[in-house]
Structures are given as structure tokens and as C-alpha cells.
A.B. asks: 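Attaching a single structure in C-alpha cells format; questions to follow.
Source: prediction; values computed, not measured.
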Amino acid sequence: MATTPEYVLYVCDQIAGVGQVRCRKMFGEYMVYVNDRPVFTVCDNTVYVKMLDCVKDELAAAELDAPYPGAKSHYILDIDDNALAKRVAAILAVNISLPKPRKKKQKTGGKTT
């Protein structure tokens with residue numbers, strides 16, 4: 001079951017006000033960003049948080065599962081707990097590095113005249 005667009009919008013609404021929130025569809029599921037930092041993975045209408053030291057106290061009681069086959073275990077965030085979701089998003093927004101810009105592929109082939 002894939003994540004519904006309505007669910008990912010609900011996730012974004014739950015953390016509104018923490019920073020600039022946006023989502024991006026990736027591989028059929030979604031990544032949620034705060035201030036351009038990837039904070040949540042949303043798969044099958046479930047919010048996953050990477051197991052990082054900066055959020056282990058906040059999510060100590062959270063269930064663990066992998067967002068997709070072959071992935072490492074992640075915390076499962078109770079997105080309905082608005083205060084917790086905002087705290088976790090705020091912590092991650094200052095502790096996760098900005099993604100490195102992708103290099104543009106160089107064209108290969110024949111000469112241009």
C-alpha cells in the first residue's frame with residue numbers, strides 16, 4: 001500500500017511552524033523536509049525517523065521497523081502526537097546536514113560543430 005497524498009499533506013500540516021516544510025515524492029513514497037533537511041520518510045502511511053542519537057530520548061518508547069525491505073530499522077513516529085512530531089522535526093532540522101548537491105551528468109558522445 002503506497003502513501004496517499006492526503007496523508008503526506010497531513011504529516012506536513014502536523015509539523016507546520018517548525019520551519020519551511022515541504023515534501024517530495026521519491027520512489028513511490030515521500031520524503032518530508034524542514035528547511036531543506038530530510039527529516040521524515042513516509043512509507044505506507046507511516047512516518048519513519050532515522051535512528052539518530054539526537055532523537056533517541058524523544059523516541060525511546062517508539063516502535064521500530066524498516067520503511068522498506070532491505071532498509072535499516074527506523075523509529076515509527078506517532079504523527080498524531082502534534083507536540084512530539086514538532087519537537088522531533090525541530091531537533092532534526094538543526095542536526096541533519098543539508099543534502100549534497102547532485103553533480104550534473106556530463107554529456108558524452110560526438111563532437112559538436
A.B. asks: Can you tell me how far apart CZ (R87) and CG (N82) are? Round to the nearest 0.5 Å.
C.D. replies: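 So the gap between those two atoms works out to 10.0 Å.
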
A.B. asks: Any side-chain heavy-atom pair from D36 and R22 closer than 4.5 angstrom?
C.D. replies: yes

A.B. asks: Can you tell which of V34, V18, V49 makes a side chain to side chain contact (heavy atoms under 4.5 Å, CB included) with V39?
C.D. replies: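 Only one of V34, V18, V49 forms a side chain to side chain contact (heavy atoms under 4.5 Å, CB included) with V39, namely V34.
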
A.B. asks: Taking L84's backbone N and O only, do any of them form a donor-acceptor pair with E58's side chain (distance below 3.5 Å, no angle check)?
C.D. replies: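 A pair under 3.5 Å: no.
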
A.B. asks: Check whether any side-chain heavy atom of D80 lies under 4.5 Å from a side-chain heavy atom of Y10, and answer yes or no.
C.D. replies: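 SC-SC contact between D80 and Y10 confirmed.
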
A.B. asks: Do I76 and L52 sit in one hydrophobic cluster, given that two such residues count as connected whenever their side-chain heavy atoms are within less than 4.5 Å of each other, even indirectly?
C.D. replies: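 Different clusters.
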
A.B. asks: Let me check something: do V21 and L9 share a hydrophobic cluster, defined by ILVMFWY side-chain heavy atoms less than 4.5 Å apart, either directly or through other members?
C.D. replies: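 No.
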
A.B. asks: If hydrophobic clusters are built from ILVMFWY residues whose side chains come within less than 4.5 Å, do V88 and V11 share one?
C.D. replies: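 Yes, V88 and V11 fall within the same hydrophobic cluster.
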
A.B. asks: Can you see which heavy atom on T41 is nearest to which on P67, and at what distance?
C.D. replies: CG2-CB, 4.4 Å

A.B. asks: At their closest point, which heavy atom of P38 faces which heavy atom of I96, and how far apart are they?
C.D. replies: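 Minimum heavy-atom separation between P38 and I96: O-CD1, 3.1 Å.
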
A.B. asks: To the closest 0.5 Å, what do you measure between CG (L77) and CD (E63)?
C.D. replies: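 So the CG of L77 and the CD of E63 are separated by 11.5 Å.
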
A.B. asks: Can you see which heavy atom on G28 is nearest to which on A2, and at what distance?
C.D. replies: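 It is O-CB, 4.3 Å.
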
A.B. asks: Minimum heavy-atom separation for A71 and A66, please, with both atom names.
C.D. replies: O-CB, 3.4 Å

A.B. asks: Where do M26 and M31 come nearest, in terms of heavy atoms and distance?
C.D. replies: SD-CB, 3.6 Å

A.B. asks: Without swapping roles, check the side chain of R37 against the backbone of A93 for a donor-acceptor pair under 3.5 Å.
C.D. replies: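 Confirmed, R37 side chain pairs with A93 backbone.
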
A.B. asks: Quick check: is V8 connected to I15 through a chain of hydrophobic side chains (ILVMFWY, heavy atoms under 4.5 Å apart)?
C.D. replies: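 Same cluster: I15 reaches V8 through Ile, Leu, Val, Met, Phe, Trp or Tyr contacts under 4.5 Å.
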
A.B. asks: Indicate yes or no: at least one non-hydrogen side-chain atom of Y33 is less than 4.5 angstrom from one of Q20.
C.D. replies: no

A.B. asks: Mind checking the NE2-OG1 spacing from H74 to T46? Nearest 0.5 Å is all I need.
C.D. replies: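 It is 12.5 Å, given to the nearest 0.5 Å.
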
A.B. asks: Look at atom NZ of K86 and say whether more than 12 heavy atoms of other residues, nucleotides or ligands are closer to it than 6.0 Å.
C.D. replies: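 Counting other residues, nucleotides and ligands, NZ of K86 exceeds 12 neighbours.
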
A.B. asks: How far does CG of L59 sit from CG of L64, to the nearest 0.5 angstrom?
C.D. replies: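 It comes to 9.5 Å.
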
A.B. asks: Y68, F40: one ILVMFWY side-chain cluster at the under-4.5 Å cut-off?
C.D. replies: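 No, separate clusters.
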
A.B. asks: Heavy atoms only: give me the nearest A85-I79 pair and the separation to one decimal.
C.D. replies: CB-CD1, 3.7 Å

A.B. asks: Taking the side chain from Y7 and the backbone from N45, do they hold a donor-acceptor pair closer than 3.5 Å?
C.D. replies: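 Yes; at least one donor-acceptor contact below 3.5 Å.
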
